[in-house]
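The sequence lines fix the lettering, A, B, ..., with proteins before strands; numbering per chain opens at 1. Given the structure is predicted, the values throughout are model-derived calculations rather than measurements.
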Amino acid sequence: MREEPVDHGRRPEEPSESALESLPKTFDPSRFESRWYALWESEGRFQPQGESGSPRYVMVIPPPNVTGRLHIGHAYGRTVEDILARWKRMLQFRVLWVPGTDHAGIATQMVVERNLAKQGIDRKVLGREAFVERVWEWRRESGDVILGQLRRLGCSLDWSRLRFTLDPALSRAVRHAFVLLYRDGLIYKGRYVVNWCPGCGTAVSDLEVVEKPTKGTLYKIRYDVPGVPEGAVVATTRPETMLGDTAIAIHPEDPRTGGLKGRKAILPIVGRDLPVVEDAILVDREFGTGIVKVTPAHDANDFAVGQRHALSAVVVIGPDGKMTAAAGEYAGLDRFEARKRIVARLEQEGRLVAAEPYTINLGTCQRSDDVVEPYLSEQWFVKIQPLAEPAIRAVREGTVRFAPESWAKTYFSWMENIRDWCISRQLWWGHRIPAFTCVNGHVLVEDEDEPPAACPTCGSPELVQDPDVLDTWFSSQLWPFSVFGWPEATRDLKDFYPTDVLVTGYDILFFWVARMIMAGLRFTGKAPFSTVHLHGLVRIGGEKMSKTRGNVIDPLEAIEEFGADAVRFTLAWAAASGPTVSVERGRMAGSRNFATKVWNTARFTLAQLDGREVPEDLDGRSLSLADRWILSRLSMACGDVNRHLSEFRFDEAAERIQGFVWHELCDWYLEMVKPVFAGPDASAAETARGVLRRCLRDSLALLHPFMPFLTEEIWEKLTGRAGTLIVTPYPQAVAAWRDDEAEASLEALRAIVTRVRNLRTERAASPTAPVALWIDPASPSKETLPALEALAPLLTHLGRLSELRFAAPAAGSTRDVVAGIRVGMELPRSEGSAAAVASGDARDEKTRLALDDEIAQLSAKVQNAAYLEKAPPAVVEKTRLRLRELEAKRAALGMSGPS
RNA sequence: GGGAGGUUAGCUCAGAGGUAGAGCGCCUGCUUUACACGCAGGAUGUCGGGGGUUCGAUCCCCUCACCUCCCACCA
């Protein structure tokens with residue numbers, strides 16, 4: 001799959017293959033990914049380990065649609081969860097991450113319906129039972145693909161606890177929850193105007209309606225009013241609903257419409273008498289003509305007016321989106337066709353006063369994209385406010401916290417204005433409402449699958465179950481405890497509930513997160529989790545993903561191309577705190593490159609360790625400055641990574657690990673250690689091998705939550721133990737390793753080496769051109785001088801120096817001050833090019849000017865009395881130091897002769 | 001109408017009250033004891049506009065502009 005790297009030249013001294021045979025030269029993740037996953041799983045690593053009272057860490061997966069496929073958003077969220085799971089597992093928590101899928105009522109039913117339609121089969125002809133059987137069949141065939149995809153990603157889910165929202169136990173939980181709420185008077189049935197999707201043929205909740213600004217028309221229509229010559233002009237964007245008008249409304253105190261009081265209007269086309277009602281709530285005196293048509297069956301506000309004024313309601317648009325018999329001559333017409341004809345008729349009759357272009361927020365169905373119709377029908381509702389109040393308190397009091405915290409505000413504003421939840425759906429796929437009605441109309445709500453034998457009220461043996469099913473989210477809200485067997489008091493419920501962290505996209509904060517908090521508190525008395533990590537939605541290169549844009553990244557394709565580790569690392573790295581997560585292909589390649597880098601670091605290290613003496617314990621070893629430096633850096637990295645992970649800053653954590661491994665361990669320590677390995681000091685080499693081994697070991701462990709496969713693969717070669725990295729203690733900062741002296745010294749060394757390399761580039765000299773270097777004992781910072789003397793061999797090696805002297809720079813050498821050290825460098829004229837020297841001089845001039853500028857600024861600052869008085873002494877001291885160094889640098893530049 | 005977030009290097013994004021970072025891209029050079037998916041060096045930013053607080057603001061406050069999203073209303 002992967003191409004062999006191109007060999008760009010001959011390598012006369014190819015390292016002996018025997019030393020490297022433990023790791024193949026080419027990094028090919030497809031060679032080992034599936035193997036490690038299978039091993040972890042078979043050894044039970046994904047199941048909670050340890051005693052059942054020890055600290056535990058529990059998450060439940062946001063259950064994807066059972067028939068869904070992995071998309072980049074899933075990949076992102078699950079990667080984040082897996083990083084947490086693996087990190088906590090390595091911190092020796094008893095980790096449980098529960099997998100599962102959701103039956104996803106409308107979505108699944110629609111897919112199956114569409115498939116049947118392709119075969120010319122109508123769901124209604126098929127019948128309910130047969131249709132549901134078809135859905136199960138389809139679920140068996142195509143279901144669970146996504147679970148395999150999660151395995152590919154490396155998700156350490158406990159498959160022994162796999163759940164599905166329609167499992168018998170979870171269905172029981174749903175019925176039980178329904179019964180509990182019903183008995184407490186928190187579920188009621190009633191006729192209200194709800195959002196109706198004609199395409200799906202069901203009611204949907206407010207949240208499932210997506211408003212889209214759409215260009216439409218505002219029609220102004222004149223209704224005749226006997227005794228009022230000008231009539232009443234009303235406005236509407238949906239003229240077809242006028243057939244269901246049962247009143248017109250005016251504001252009681254509007255002088256413009258006062259003449260209409262007590263009169264009757266005549267509904268055009270239909271001829272029905274419409275009372276004029278006065279309603280200050282509905283009618284806005286400032287808006288339009290001040291007269292509103294009232295259609296109680298097809299508008300929620302009008303329905304309320306109808307209740308207030310005891311108006312009748314006439315349903316003129318049916319559940320299929322076609323006009324009903326009550327629409328008279330328009331019966332059977334599609335609602336939009338009816339609109340056209342009615343407008344034409346009104347125009348013909350001279351009643352259409354105006355038709356103005358108008359932008360309306362058209363409510364559309366989240367699932368089918370159809371225009372949602374307000375529709376009067378009998379539905380089940382949850383009285384939500386009594387549930388919301390404790391849930392608000394839980395967040396306010398910190399029982400549940402949001403990360404990032406700013407989401408709490410959004411949560412409060414929704415919860416505080418929450419409206420009753422329509423939970424019945426006119427679908428066949430889902431949890432059937434456990435309500436039974438007898439022939440005498442007695443309603444019985446029972447925690448049973450089958451209807452009871454007889455009505456307990458009247459003894460009638462004929463009971464019919466409510467045909468509706470429940471909103472999918474009604475079952476999802478129980479997920480954090482239904483997966484553990486609630487309402488049974490199971491061992492798992494006791495051991496693992498409440499859970500710790502919930503990770504999900506902010507887009508389902510209201511749909512799911514808020515409802516889980518309400519349900520958890522209501523049914524278990526406990527908030528279902530203590531932390532909600534809400535993440536952003538994935539975008540590709542700043543744009544929303546869409547097939548038309550052609551910027552969709554298929555996670556599986558990306559895994560094929562770059563490897564699961566690289567995909568995970570990219571996603572973690574992209575984890576911003578903001579509302580969007582930006583993923584780019586370039587980053588995928590970058591992550592893959594990093595994985596390769598780790599691979600090669602391991603190859604090098606393993607080759608060095610091969611069959612040689614390697615100290616496991618570094619205590620008591622005589623460490624070199626370089627050893628001390630890298631251990632200090634390693635310790636710092638460990639501390640930072642743990643901190644970032646605890647703050648859900650996966651991006652910072654990933655970047656920190658990469659920075660350490662690549663730019664400190666590889667770029668510097670590895671290079672510093674090469675001459676030690678080749679050198680005569682066997683003891684120093686042995687120590688360095690121990691340090692290198694430790695660095696690799698801890699780097700692999702640090703990286704494991706991000707790149708589990710690659711790290712486990714290398715781990716086996718490094719330790720001889722297969723598949724154990726996953727449970728190895730996560731590296732922590734080692735206080736004893738912190739070494740400011742070594743850090744300062746190596747910082748100086750790195751700065752000097754960089755300066756020497758830079759000189760060669762400036763002069764267009766070859767990287768091997770001999771450079772003589774002087775380090776001035778009279779440098780501005782003398783603290784690192786002794787260390788630099790000790791580091792002289794390293795300096796010579798890394799800087800490829802022809803000569804190194806600790807003495808005042810020779811006259812005519814190129815001077816500079818770096819990291820407080822005054823240096824002089826001499827590069828033979830013959831090595832560079834004259835042009836380069838000239839451009840180098842030009843650049844020096846620029847540098848000099850910039851230096852002058854900054855020196856002037858800093859001296860002004862240091863002479864500013866207010867600054868000296870008010871700024872913290874440490875800051876002032878830092879400024880003085882910087883000024884001194886810049887002055888030294890300026891002086892050095894001034895003294896630089898052409899060399 | 002209410003609310004949230006954003007505006008930083010060519011691109012995608014981090015960042016902190018003391019004059020800016022990463023990855024990718026770009027330029028130059030290079031096979032130097034693992035790695036060209038590499039090594040070395042380099043360039044690039046009036047940190048959206050204006051005002052204020054401060055010894056000091058890109059970071060805090062106000063305001064304007066533009067962008068994204070959420071909620072409500074919509075005769």
Student: What's the CD-P distance between A:Q366 and B:C70, to the nearest Å?
Tutor: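 Atom CD in A:Q366 sits about 11 Å away from atom P in B:C70.
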
Student: If the condition is side-chain contact (heavy atoms from CB on, under 4.5 Å), which residues does A:V676 pass it with, not counting sequence neighbours?
Tutor: A:A684, A:A685, A:A688

Student: Listed by chain and number, what are the side-chain contact (heavy atoms from CB on, under 4.5 Å) partners of A:R612, not counting sequence neighbours?
Tutor: A:Q608, A:R689

Student: Give one of base, sugar-phosphate or nothing for A:F677, where a contact means two heavy atoms less than 4.0 Å apart.
Tutor: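 Nothing: the residue A:F677, judged by heavy atoms under 4.0 Å, touches no strand.
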
Student: A:F594 near the nucleic acid: base, sugar-phosphate alone, or nothing, with a heavy-atom cut-off under 4.0 Å?
Tutor: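 Here A:F594 touches no strand at all.
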
Student: Nearest whole Å is fine: how far is B:C70 P from A:I508 CD1?
Tutor: 14 Å

Student: When you match A:V283 and A:A678 each to their closest nucleotide on RNA chain B, which lands nearer the 5' end?
Tutor: A:A678

Student: Identify the heavy atoms of A:V583 and A:A574 that sit nearest to each other, and give their distance.
Tutor: CG2-CB, 4.2 Å

Student: If you check every side-chain atom of A:K597, which of B:A75, B:C35, B:C55 has the closest atom?
Tutor: B:C35

Student: For B:C24 and A:R587 - does any side-chain N or O of the residue sit under 4.0 Å from the phosphate oxygens OP1/OP2?
Tutor: no

Student: Closest to the A:E584 side chain: B:A75, B:C11, B:A34?
Tutor: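 For A:E584, the side-chain atoms sit closest to B:C11.
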
Student: What residue pairs, at least two apart or across chains, pass salt bridge (charged side-chain N to carboxylate O under 4.0 Å, His left out) with a residue in residues 856-879 of chain A?
Tutor: A:E877-A:R884

Student: Which atom pair, heavy atoms only, marks the closest approach of A:F562 to A:R592?
Tutor: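 Distance-wise, the nearest heavy atoms are O-CG, 3.7 Å.
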
Student: Could you give the CD-to-C1' distance, from A:E356 to B:C74, as a whole number of Å?
Tutor: 15 Å

Student: Dot-bracket for RNA chain B, please, read 5' to 3', with Watson-Crick or G-U wobble pairs under 3.5 Å on both distances, ( ) within the strand, [ ] crossing, | other strand, . unpaired.
Tutor: ((((((((.[[[[.)..(..]]]].(((((.......))))).....[[[[[..)....]]]]])))))))....

Student: Look at the side chain of A:F510 and decide which nucleotide, out of B:C70, B:C74, B:C55, has an atom nearest to it.
Tutor: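 Among the listed nucleotides, the one closest to the side chain of A:F510 is B:C70.
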
Student: Please confirm whether the shortest side-chain N or O distance from A:N593 to OP1 or OP2 of B:G38 is below 4.0 Å.
Tutor: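 True: A:N593 side-chain N/O within range (under 4.0 Å) of B:G38 OP1/OP2.
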
Student: Nearest heavy-atom pair of A:R222 and A:P268: which atoms, and what distance?
Tutor: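 Smallest heavy-atom distance, with atoms named: O-CG, 4.0 Å.
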
Student: In whole angstrom, give the distance that lies between atom CG of A:D284 and atom C1' of B:C74.
Tutor: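 Going from CG in A:D284 over to C1' in B:C74 covers 10 Å.
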
Student: Base, sugar-phosphate, or nothing for A:T754, non-hydrogen atoms under 4.0 angstrom?
Tutor: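 Sugar-phosphate contact only - A:T754 comes under 4.0 Å of backbone atoms but never of a base.
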
Student: Touch check for A:R800, heavy atoms < 4.0 angstrom, all strands: base, sugar-phosphate only, or nothing?
Tutor: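 Contact class for A:R800: base.
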
Student: Which class fits the ring pair A:F27 and A:W599: parallel under 30°, tilted 30 to 60°, perpendicular over 60°?
Tutor: tilted

Student: Could you list by number each residue of residues 662-676 of chain A showing a heavy-atom separation from RNA chain B of less than 4.0 Å, or answer none if no residue does?
Tutor: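 Residues of residues 662-676 of chain A under 4.0 Å from RNA chain B: A:W662, A:H663, A:C666, A:D667, A:L670, A:E671, A:K674, A:P675.
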
Student: When rounded to the nearest Å, what value does the distance between C1' atoms of B:U58 and B:A20 take?
Tutor: 8 Å

Student: Give one of base, sugar-phosphate or nothing for A:R419, where a contact means two heavy atoms less than 4.0 Å apart.
Tutor: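 Sugar-phosphate, no base atom in range.
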
Student: Using only modelled atom types and a 3.5 angstrom limit, is any donor from either the side chain of A:E211 or the base of B:C73 paired with an acceptor on the other?
Tutor: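 Side chain to base: pair found, below 3.5 Å.
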
Student: Can you check nucleotides 1-4 of chain B for protein contacts, nitrogen or oxygen pairs under 3.5 Å, and list what you find?
Tutor:
from: B:A4; atom 1: OP1; to: A:K409; atom 2: NZ; distance (Å): 3.0

Student: Salt bridge between A:R285 and A:D254, side-chain N to carboxylate O under 4.0 Å?
Tutor: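 No, this pair does not count.
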
Student: Using a strict 4.0 Å threshold on nitrogen-to-oxygen distance, state whether A:D640 and A:R643 make a salt bridge.
Tutor: yes

Student: Salt bridge check: are A:R882 and A:E854 linked by an N-O gap of less than 4.0 Å?
Tutor: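 Salt bridge between A:R882 and A:E854, a charged N being under 4.0 Å from a carboxylate O: yes.
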
Student: Indicate, with a heavy-atom threshold strictly under 4.0 Å, whether A:I291 touches base, sugar-phosphate, or nothing.
Tutor: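 Base contact - A:I291 has a heavy atom under 4.0 Å of at least one base atom.
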
Student: Taking only side-chain nitrogens and oxygens of A:R757, does any of them come within less than 4.0 Å of OP1 or OP2 of B:C39?
Tutor: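 The answer is no; no side-chain N or O of A:R757 sits under 4.0 Å from OP1 or OP2.
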
Student: Measuring from the side chain of A:V875 (C-beta onward, heavy atoms only), which nucleotide among B:G23, B:G18, B:A75 has the closest atom?
Tutor: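 Given the options B:G23, B:G18, B:A75, the side chain of A:V875 is closest to B:G18.
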
Student: Is A:N864 touching bases, backbone alone, or none of the nucleic acid, heavy atoms closer than 4.0 Å?
Tutor: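 Contact class for A:N864: sugar-phosphate only.
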
Student: Specify whether A:W414 and A:F510 have parallel, tilted or perpendicular ring planes, treating 30° as the upper limit for parallel and 60° as the lower limit for perpendicular.
Tutor: parallel

Student: Whole angstrom is fine here: how far is it from CZ in A:R656 over to C1' in B:G15?
Tutor: 15 Å

Student: How about CD on A:E356, more than 12 heavy atoms from neighbouring residues, nucleotides or ligands closer than 6.0 Å, or not?
Tutor: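 Above 12, so yes.
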
Student: Need to verify one output field. Residue with the more 5' nearest nucleotide on RNA chain B, A:A574 or A:T768?
Tutor: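 In this pair, the answer is A:A574.
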
Student: What does A:W573 touch in the nucleic acid at a heavy-atom separation under 4.0 angstrom: a base, only the sugar-phosphate, or nothing?
Tutor: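 Contact class for A:W573: sugar-phosphate only.
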
Student: Considering every strand and a 4.0 Å limit on heavy-atom distances, what is the contact class for A:T761: base, sugar-phosphate, or nothing?
Tutor: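 The answer is sugar-phosphate, as A:T761 gets under 4.0 Å only of primed atoms, P, OP1 or OP2.
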
Student: Whether A:N301 contacts B:C74 is assessed here as follows: a side-chain N or O lying under 4.0 Å from the phosphate OP1 or OP2. Is that the case?
Tutor: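 A:N301 to B:C74 OP1/OP2: side-chain N or O found under 4.0 Å.
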
Student: Look at A:R656 together with A:E652 and state whether they make a salt bridge at an N to O cut-off of under 4.0 Å.
Tutor: no

Student: Grab the CD-P distance between A:Q658 and B:G21 for me, whole Å please.
Tutor: 17 Å

Student: Which nucleotide in the list B:G29, B:C69, B:C74 gets nearest to the side chain of A:N361?
Tutor: B:C74

Student: To the nearest angstrom, how far is A:R760 atom CZ from B:U32 atom P?
Tutor: 14 Å

Student: Provide the distance between the two P atoms, one in B:C13 and one in B:U7, to the nearest whole Å.
Tutor: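 Each nucleotide's P atom is 10 Å from the other's.
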
Student: Over 60° means perpendicular and under 30° means parallel, so classify the ring planes of A:F402 and A:Y411, tilted if in between.
Tutor: tilted

Student: Over how many whole Å does the gap from A:E869 atom CD to B:U54 atom P extend?
Tutor: 14 Å

